[in-house]
Asks: 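Pasting in a structure now, in structure tokens, and then I'll have a few things to ask.
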Amino acid sequence: MTVFHFFNCAILTFGPHAVYYSATPLSEYDTIGTSAKAAAVYLGTALVKLVCLATFLKESENGNFDPYQELLKVLINFIDVAGLYFALTQLTHRNISQNHKFQAVGLGWAFADSVLHWLAPLWVGARGLEFTWEYVFQGLEANANLVLNLSLAALGSLMWLRKNKPRILIPIIYACAGVLATMPSITSYLRRALGWQPAKAVGFELFSSLMMAFLSWQLFSACQRPA
């Protein structure tokens, strides 16, 4: 039963990444190399973030929400945006379109994020003797992060790769990217300051990820139309 629960949670956490790769044209264009490069950039970015968090942040002893510390976390989280910029603009890619490039980068980024954050907790905890919903919620949270990372990569491609986008949409694109970059701090506030239970917090993440994906898709489609 414990092994069965572990594999179920692992499939829920990492399976959607493989399904997305197989079900989209990414597999036809063999973009696995682009995703692997993006994953490597994510790991480097995560290391820089870890050093910054260890240097500038002090964890609250009672676990209460600290606005000053959370503001620092927001600023440090923008290192992800810098890493994503590097992955989209500075890495060499195969001869693939902009549509496939941002998807491959976003998928690799999201997969590395899931492995780094959820693989060890799943391996240690999901094989326990008792069933717990904690790791099911973690899997659902990983799915929400997949959608959020793909949305941020789509907006990043519009900001940094798309030159002839409508001027009226530029502020909206940057605003949506800012919301996506600060989403970890938003969910942290809901959990720690407002005391939201895991089911409610994960539900919010799933809903917000779908809303941001819809907005990103609309913005991307609008920028693809000829002027």
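Owing to the predicted nature of the structure, the values given are computational and were not obtained by experimental measurement. Position 1 is the first residue of the sequence, and the numbers go up from there.
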Asks: With side-chain contact (heavy atoms from CB on, under 4.5 Å) as the test, would you mind laying out the steps for Tyr20 and Gln103 before giving the verdict?
Replies: CA-CA 10 Å; Tyr20 187 92; Gln103 291 183 72; 2.6 Å; yes
Asks: So which atom in Ile76 and which in Lys49 form the shortest heavy-atom distance, rounded to 0.1 Å?
Replies: O-CG, 3.9 Å
Asks: Might you point out which heavy atoms bring Leu150 and Gly106 nearest each other, and give the distance in Å?
Replies: CD2-C, 3.8 Å
Asks: Short question: side chain of Lys165, backbone of Arg162 - any donor-acceptor pair under 3.5 Å?
Replies: yes
Asks: Would you indicate whether Trp217, at its atom CH2, is surrounded by more than 12 heavy atoms from other residues, nucleotides or ligands within a distance under 6.0 Å?
Replies: no
Asks: Would you mind reporting whether Ser157 and Lys101 have side-chain heavy atoms less than 4.5 Å apart?
Replies: no
Asks: Taking the side chain as everything from C-beta on, heavy atoms only, tell me whether Ile186 gets closer than 4.5 Å to Phe204.
Replies: yes
Asks: Got a sec: does the CZ of Phe111 have more than 12 other heavy atoms crowding it under 6.0 Å?
Replies: no
Asks: Leu161 and Leu26: same hydrophobic cluster, using ILVMFWY side-chain contacts below 4.5 Å?
Replies: no
Asks: Could you check whether any side-chain heavy atom of Met183 comes within less than 4.5 Å of a side-chain heavy atom of Ser208, counting everything from C-beta outward?
Replies: yes
Asks: When clusters are formed by joining ILVMFWY residues with side-chain heavy atoms under 4.5 Å apart, either directly or through shared neighbours, do Val19 and Leu146 land in the same one?
Replies: no
Asks: Would a 4.5 Å heavy-atom cut-off, applied to side chains only, mark Pro121 and Gln138 as touching?
Replies: yes
Asks: Can you sort out the partners of Phe78 under ring-ring contact (aromatic ring centres under 6.0 Å, His included), two or more places apart, ordered by chain and number?
Replies: none
Asks: So do Tyr21 and Thr31 actually touch side chain to side chain, heavy atoms under 4.5 Å?
Replies: yes
Asks: Compare all side-chain heavy atoms of Leu158 with those of Phe102 and state whether any distance is below 4.5 angstrom.
Replies: no
Asks: Do you know which two heavy atoms are closest between Ala110 and Asn145, and how far apart they sit?
Replies: CB-O, 4.4 Å
Asks: If we only count heavy atoms from C-beta on, is the Asn77 to Ser185 side-chain gap below 4.5 Å?
Replies: yes
Asks: Start with the C-alpha distance between Val136 and Asn8, add both sets of side-chain angles, then the distance that settles side-chain contact (heavy atoms from CB on, under 4.5 Å), and finish with yes or no.
Replies: CA-CA 9 Å; Val136 176; Asn8 279 339; over 6 Å; no
Asks: Would you say Ser151's side chain and Val147's backbone share a donor-acceptor pair under 3.5 angstrom?
Replies: yes
Asks: Indicate the atoms forming the closest heavy-atom contact of Val41 with Trp109, along with that distance.
Replies: CG1-CZ3, 3.8 Å
Asks: Should we say atom CD1 of Ile168 is surrounded by more than 12 heavy atoms from elsewhere, each under 6.0 Å from it?
Replies: no
Asks: Is there a side-chain contact (heavy atoms from CB on, under 4.5 Å) between Tyr42 and Leu84 once you walk through the steps?
Replies: CA-CA 8 Å; Tyr42 173 85; Leu84 197 59; over 6 Å; no
Asks: With side-chain contact (heavy atoms from CB on, under 4.5 Å) as the criterion, how do Leu122 and Phe14 come out once you've worked through the C-alpha distance, each side chain's angles and the decisive distance to 0.1 Å?
Replies: CA-CA 11 Å; Leu122 277 176; Phe14 305 111; 4.0 Å; yes
Asks: For residues Pro198 and Arg191, report the shortest heavy-atom separation together with the two atoms involved.
Replies: CA-NH1, 4.2 Å
Asks: Checking Ser221 side chain against Gln218 main chain: does a donor-acceptor pair fall under 3.5 Å?
Replies: no
Asks: Taking all heavy atoms of Phe220 and all of Ala154, pick out the closest pair and write down the distance.
Replies: CD1-O, 4.0 Å
Asks: Between Ser35 and Ala104 (side chain of the first, backbone of the second, donor and acceptor by atom type, cut-off under 3.5 Å), is there such a pair?
Replies: yes
Asks: Hydrophobic clustering (ILVMFWY, side-chain heavy atoms < 4.5 Å, transitive) - are Val81 and Val179 grouped together?
Replies: yes
Asks: Could you tell me whether the side chain of Leu155 reaches within less than 4.5 Å of the side chain of Leu215, counting heavy atoms only?
Replies: no
Asks: Report whether Leu169 and Tyr174 are members of the same hydrophobic cluster (ILVMFWY, side-chain heavy atoms less than 4.5 Å apart, transitive linking).
Replies: yes
Asks: Linking I/L/V/M/F/W/Y whenever any side-chain heavy atoms sit under 4.5 Å apart, do Leu194 and Val74 land together?
Replies: yes
